[in-house]
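One structure coming up, written as structure tokens, with questions to follow.
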Number of protein chains: 2
Amino acid sequence: MTKQNYTSEDSIKIFKALADPIRLEIIKYLNQLNHEESCGEIGQAMDISKTSGSYHFKILQEAGLITVHKIAREKYVKLDRPTFDYYLTHFWQNL
Amino acid sequence: MTKQNYTSEDSIKIFKALADPIRLEIIKYLNQLNHEESCGEIGQAMDISKTSGSYHFKILQEAGLITVHKIAREKYVKLDRPTFDYYLTHFWQNL
DNA sequence: TAAATAGTTCAAATATTTTTGAACTATTTA
DNA sequence: TAAATAGTTCAAAAATATTTGAACTATTTA
């Protein structure tokens, strides 16, 4: 279930998460995908180090923009579409 | 006329502009206003220095989130609602 | 014309974000 | 069990963003 009633702090966390070229690339990449993909695969597609990937995925997750699903030693990641949908339709209410 | 076809760089500029507590306060303040107000008045309402105001208004304007209208020595500012409307309805296309 | 007001610009100081590489944990494969 | 793989954590370095105050321009008011 998607979170309702965001605070301004939540909003800022979301905007900060979106306000970086690597993270926006990740978002765009995940958007045109319709399955889960591992952090490693995505990191390779973005051509970033695994440390950098780890950092950026954490920020995206903490903003609620992706969901993460660990299987054994791999972490699979996909867009949290309900967050985007909710946020885009309740933008002014949530600021 | 509102800009169509944003690049990823434009998007990042917009997200960065929104990703700051003072600027988000300004946006919220302007949103519940329906007339133009001067930078000075807004700055006072936000309790920030005029230098800081000048800096933040510039970032908001360069992101296309506000429009500015100079009368004599004062600058009047209001939300650029078409930008918000367009962006919120074309979010995925514009990333 | 002098003083006051609205806002800008600049450079320095401060704060925050991002990158980097090495060392680490947990899991899988040989 | 040893080696390899996926990802995390940490602290230092580098890059960016924000704040500050002083000096500035342009306009208005006394």
Side-chain angles (χ1 to χ4, degrees), chain A residues 8-30 33 35-80, chain B residues 8-30 33 35-80:
Chain A
S8 288
E9 277 199 12
D10 295 327
S11 301
I12 287 174
K13 202 175 268 192
I14 289 175
F15 296 134
K16 282 193 178 180
L18 294 168
D20 172 272
I22 290 180
R23 292 192 295 268
L24 204 61
E25 275 309 303
I26 295 174
I27 298 279
K28 289 201 292 185
Y29 181 80
L30 291 174
L33 223 64
H35 57 281
E36 288 195 322
E37 202 164 296
S38 75
C39 289
E41 293 172 288
I42 300 164
Q44 270 187 269
M46 305 293 117
D47 194 33
I48 56 178
S49 69
K50 56 188 186 152
T51 314
S52 170
S54 193
Y55 171 72
H56 289 296
F57 287 121
K58 189 175 177 195
I59 285 175
L60 290 170
Q61 185 184 1
E62 287 179 349
L65 298 180
I66 61 175
T67 58
V68 159
H69 175 215
K70 191 163 190 180
I71 300 183
R73 71 187 165 180
E74 283 164 296
K75 265 177 69 177
Y76 291 89
V77 146
K78 67 181 193 337
L79 280 195
D80 191 335
Chain B
S8 288
E9 276 199 13
D10 294 328
S11 301
I12 287 174
K13 202 175 269 193
I14 289 175
F15 296 134
K16 282 194 179 180
L18 294 168
D20 172 90
I22 290 179
R23 292 192 294 268
L24 204 60
E25 275 310 303
I26 294 174
I27 298 280
K28 289 201 293 184
Y29 181 80
L30 291 175
L33 222 64
H35 57 280
E36 287 196 323
E37 200 163 290
S38 75
C39 290
E41 293 171 288
I42 300 164
Q44 269 188 269
M46 305 293 116
D47 195 33
I48 56 178
S49 70
K50 57 188 187 154
T51 314
S52 171
S54 192
Y55 172 71
H56 289 297
F57 287 119
K58 189 175 177 193
I59 286 175
L60 290 170
Q61 185 185 1
E62 287 179 348
L65 299 180
I66 61 176
T67 58
V68 160
H69 176 216
K70 191 162 188 180
I71 301 184
R73 70 187 166 182
E74 283 164 298
K75 263 176 71 176
Y76 290 89
V77 145
K78 67 183 195 333
L79 280 194
D80 191 336

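Labels below follow one simple rule: chain letters A, B, ... track the order of the sequence lines, proteins then strands, and each chain is numbered from 1. Basis for what follows: all heavy atoms, side chains included, without hydrogens, waters or symmetry-related copies. Computed from a prediction, not measured in an experiment: that's the story for all the values here.
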B:E62 CD - D:dT18 P separation (whole Å):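 Result: 12 Å.
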For the student: nearest non-hydrogen atoms of A:L18 and B:I12, plus distance: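 Shortest heavy-atom contact: O-CG1, 4.4 Å.
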Over all atoms of both residues, closest heavy-atom pair of B:K13 and B:A63: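 Nearest pair, atom of B:K13 first, then B:A63: O-CB, 3.8 Å.
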Closest nucleotide among D:dT9, D:dG7, D:dT18 to the A:K75 side chain: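 Selected nucleotide: D:dG7.
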From C:dT18, D:dT9, C:dG7, nucleotide with atom closest to B:E74 side chain: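 The closest nucleotide is C:dG7.
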Whole-Å distance separating the CD atom of A:E9 from the C1' atom of C:dT16: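 The answer, rounded to whole Å, is 15 Å.
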Closest non-hydrogen atom pair, A:K75 against A:V68: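 Nearest heavy atoms, A:K75 then A:V68: CE-CG1, 3.3 Å.
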Within 6.0 Å of NZ in B:K58, more than 12 heavy atoms from elsewhere: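 Count not over threshold, so no.
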Contact letters for nucleotides 21-30 of chain C, in which S counts primed atoms plus P, OP1 and OP2 and B counts the base, heavy atoms under 4.0 Å: BB----BS--
Shortest non-hydrogen separation from B:E37 to B:I42 and the atoms involved: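 Closest heavy-atom pair between B:E37 and B:I42: O-CD1, 3.6 Å.
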Intra- and inter-strand pairs of DNA chain D in dot-bracket (Watson-Crick or G-U wobble, both distances under 3.5 Å; | for another strand): ||||||||||||||||||||||||||||||
A:Q44 atom CD: more than 12 heavy-atom contacts under 6.0 Å: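 Open.
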Presence of B:H56 side-chain N/O under 4.0 Å of D:dA17 phosphate oxygens OP1/OP2: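 No, no such contact exists.
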Touch class at under 4.0 angstrom, heavy-atom based, for A:F57 against every strand present: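 Nothing: the residue A:F57, judged by heavy atoms under 4.0 Å, touches no strand.
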Closest to the B:C39 side chain, choosing from D:dT18, D:dG7, C:dG7: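 Among D:dT18, D:dG7, C:dG7, the one nearest the side chain of B:C39 is C:dG7.
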Any B:K58 side-chain N or O less than 4.0 Å from OP1/OP2 of C:dT8: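 No, because none of the side-chain N or O atoms of B:K58 sits under 4.0 Å from OP1 or OP2 of C:dT8.
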Between C:dT17 (P) and A:L18 (CG): distance, integer Å: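 Roughly 15 Å, once rounded to whole Å.
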Value in whole Å for how far the P atom of C:dT18 lies from CZ of A:R23: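 Distance check: A:R23 CZ to C:dT18 P gives 4 Å.
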Sugar-phosphate only, base, or nothing, as touched by B:I22 at under 4.0 Å among non-hydrogen atoms: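 If one applies the 4.0 Å heavy-atom cut-off, B:I22 turns out to touch the sugar-phosphate alone, with no base involved.
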Inter-residue atom distance A:D80.CG - A:I66.CD1, 0.5 Å rounding: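 That separation rounds to 9.0 Å.
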Heavy-atom closest contact (B:R23 atom, B:A17 atom, distance):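 What the structure gives for the nearest pair is NE-O, 2.9 Å.
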Atom-to-atom span, CD of A:Q44 to P of D:dT5 - whole angstrom: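 Whole-Å distance recorded here is 12 Å.
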Geometric class of the B:Y76/B:H69 ring pair [parallel <30°, tilted 30-60°, perpendicular >60°]: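 B:H69 and B:Y76: tilted rings.
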Whole angstrom value for the distance that separates P of C:dA15 from CD1 of A:I12: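 So the two atoms are 19 Å apart, to the nearest Å.
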Proximity to the side chain of B:D20 - top-ranked nucleotide from C:dT18, D:dT18, C:dT9: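 Minimum distance to the B:D20 side chain belongs to D:dT18.
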Spacing between B:L60 atom CG and C:dT8 atom C1', to the nearest angstrom: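 Whole-Å distance recorded here is 16 Å.
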Under-4.0 Å side-chain N/O to phosphate OP1/OP2 contact, A:S52 with C:dT19: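 Yes, such a contact exists.
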Sugar-phosphate only, base, or nothing, as touched by B:S49 at under 4.0 Å among non-hydrogen atoms: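 B:S49: no heavy atom of the nucleic acid under 4.0 Å.
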Among C:dT8, C:dT19, D:dT9, the one nearest A:Y55 by side-chain distance: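 Nearest nucleotide to the side chain: C:dT19.
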Nearest heavy atoms of B:S8 and A:L24, plus distance in Å: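 The answer is O-CD2, 4.0 Å.
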Nucleotide C:dT18, atom C1' - distance to CE of A:M46 in whole Å: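 Distance check: A:M46 CE to C:dT18 C1' gives 18 Å.
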